[in-house]
Amino acid sequence: MLLSSAPVMSHMGDARVLQGTTTAFTQHSSATGHDYLIQLALPQVTPPEGGYPVLLVLDGNRHLDLFTAARDILGRRGFDKVPSDLAIVAVGYAGETDGQAKAARDIVTKLRLKDFTPPLTTGTAPEGTGGGEDFLAYLTQALPPELASRYPLDLERPALVGHSLGGLFALHAQQKAPEAFGAIFAISPSLWWRQENDPANWPLRLACSETAGPVYIAAGGREQSPQPRRQDPERDRLRVERAMIDNAHEHARQLREHCPQVAVQWRLFEGEDHGSVMWSAARAVMERLLRPR
């Protein structure tokens with residue numbers, strides 16, 4: 001359970017005024033020491049009893065518009081249909097913008113590398129990594145009460161989606177706090193980071209929980225193939241060695257085998273690369289979350 005206090009329906013009046021809009025606030029985390037920009041895309045319908053269901057989106061500054069568009073287009077499915085009631089909560093970093101300078105982008109890269117990488121089971125994590133436990137504490141303990149004080153949300157077990165290092169974190173969250181999330185979507189998870197930095201615990205020793213929600217793992221079909229047009233042999237070598245597809249597929253297989261009570265789905269999006277895969281993934285996520293009405 002994400003939320004143990006704070007009334008979920010405390011701002012019902014505000015939500016009616018803000019239906020169909022995107023609002024934002026910043027929040028400092030004492031656990032991570034970072035300042036987060038929280039953007040919330042509210043549905044174009046009144047809140048259902050118990051509040052809007054929630055999708056938490058990591059790398060929120062980058063992916064909010066994509067998931068909002070997917071929700072609004074796929075959720076309606078015809079001019080005579082009622083829009084989706086899914087609220088999208090995008091978790092990003094304060095001060096991050098699409099047109100940011102390189103120095104600002106570098107700062108964000110460091111912050112997400114710290115937040116999205118789990119602590120190692122043995123040895124010492126590389127400097128600036130391994131803060132996944134603190135970030136998980138922020139998502140499950142500090143963020144929900146603040147959201148509940150502002151919006152009518154159902155924060156009992158939101159879904160969580162992450163891409164790349166965010167996908168690595170999503171799988172970490174699934175293992176460490178399976179009861180906290182209704183569904184986990186790990187898109188192109190950077191499992192190579194665990195393989196390279198925690199070899200004593202590779203392959204991962206997976207834990208099982210009766211409370212775990214469904215897990216969806218996906219990757220793009222071109223992610224571990226060389227890119228001759230870029231003329232970057234070192235990058236091509238890493239793409240092959242880090243085995244984005246193979247590692248993600250194997251994680252799904254092992255989770256399904258060791259935890260048969262967990263609904264696990266693997267999908268390969270043919271023709272997609274590490275960045276472009278999010279177009280296809282956003283649709284797949286929405287098709288699994290949008291409830292018939």
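Using modelled atom types and a 3.5 Å distance limit, the side chains of H34 and D115 yield a donor-acceptor pair.
Ring geometry for H163 against H63 counts as perpendicular: the plane angle is over 60°, on a 0 to 90° scale with 30° as the lower cut. Taking the six-membered ring for Trp and thresholds of 30 and 60 degrees, H172 and F169 have ring planes inclined between 30 and 60 degrees apart.
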Side-chain atoms of residues 207-221: list all donor-acceptor pairs with protein atoms under 3.5 Å, sequence neighbours left out, distances to 0.1 Å.
{"from": "S209", "atom 1": "OG", "to": "T211", "atom 2": "N", "distance (Å)": "3.1"}
{"from": "S209", "atom 1": "OG", "to": "T211", "atom 2": "OG1", "distance (Å)": "2.7"}

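When hydrophobic clusters are built by joining Ile, Leu, Val, Met, Phe, Trp and Tyr residues whose side-chain heavy atoms come closer than 4.5 Å, directly or via intermediates, V240 is not grouped with W192. Note: the hydrophobic cluster containing L74 also contains W279 (ILVMFWY, side chain heavy atoms under 4.5 Å, direct or indirect links). Under a hydrophobic-cluster definition in which Ile, Leu, Val, Met, Phe, Trp and Tyr are linked whenever side-chain heavy atoms come within less than 4.5 Å, directly or via other members, L238 and W202 are assigned to different clusters.
Residues W193 and F116 are not in side-chain contact: their nearest non-hydrogen atoms beyond the backbone lie 4.5 Å or more apart. For the pair L64/V57, no side-chain contact is recorded, criterion being any heavy-atom separation below 4.5 Å from C-beta on. Side-chain contact between P118 and L168 is present, with at least one heavy-atom pair separated by less than 4.5 Å. At least one side-chain heavy atom of F67 sits under 4.5 Å from a side-chain heavy atom of M278. Side-chain contact between R256 and V262: absent, with no pair of heavy atoms (C-beta onward) separated by less than 4.5 Å.
In this structure, CG on D273 lies 9.5 Å from CE on M244, to the nearest 0.5 angstrom.
Of all the heavy atoms in G166 and L58, the pair that sits closest is O-CD1, 3.6 Å. Among all heavy-atom pairs drawn from L206 and H251, the shortest one is CD2-CE1, 3.6 Å. The two residues P158 and L56 make their nearest non-hydrogen contact at CG-CD1, 4.0 Å. In terms of heavy atoms, Y151 sits closest to A24 at OH-N, 4.5 Å. Nearest approach of T26 to A94, heavy atoms of both residues: CG2-CB, 4.1 Å.
For Q224 (side chain) and I245 (main-chain N/O), a donor-acceptor pair under 3.5 Å exists by modelled atom type. D236 places a side-chain N or O within 3.5 Å of a backbone atom of Q227 that can act as its donor or acceptor partner. N61 places a side-chain N or O within 3.5 Å of a backbone atom of Y93 that can act as its donor or acceptor partner. Between the side chain of Q195 and the backbone N or O of A243, no donor-acceptor pair lies under 3.5 Å. Put simply, the side chain of R157 gets close to the backbone of E179: a donor and an acceptor are under 3.5 Å apart. Side-chain atoms of R239 come within 3.5 Å of backbone N or O of R222 as a donor-acceptor pair.
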(request) Carefully, step by step, assess Q19 and L42 under the rule side-chain contact (heavy atoms from CB on, under 4.5 Å). (result) CA-CA 6 Å; Q19 286 170 23; L42 290 168; 5.7 Å; no
(request) Let me see the working for M286 and L86 under side-chain contact (heavy atoms from CB on, under 4.5 Å), right down to the final yes or no. (result) CA-CA 9 Å; M286 287 302 159; L86 180 69; 3.7 Å; yes
(request) Could you go through the side-chain contact (heavy atoms from CB on, under 4.5 Å) check for C259 and Q254 one step at a time? (result) CA-CA 8 Å; C259 307; Q254 289 190 25; over 6 Å; no
(request) Output, in order, the C-alpha distance, side-chain angles, deciding distance and verdict of side-chain contact (heavy atoms from CB on, under 4.5 Å) for Y52 and V45. (result) CA-CA 9 Å; Y52 295 118; V45 295; 4.3 Å; yes
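Cation-pi contact between R288 and F185: absent, since separation from the ring centre below 6.0 Å together with deviation from the ring axis within 45° is not met.
Legend: residues meeting side-chain hydrogen bond (donor to acceptor under 3.5 Å, both in side chains) with R230, ordered by chain and number and at least two apart, are absent. Partners of N197 under the side-chain hydrogen bond (donor to acceptor under 3.5 Å, both in side chains) rule, at least two apart in sequence or in another chain, do not exist in this structure.
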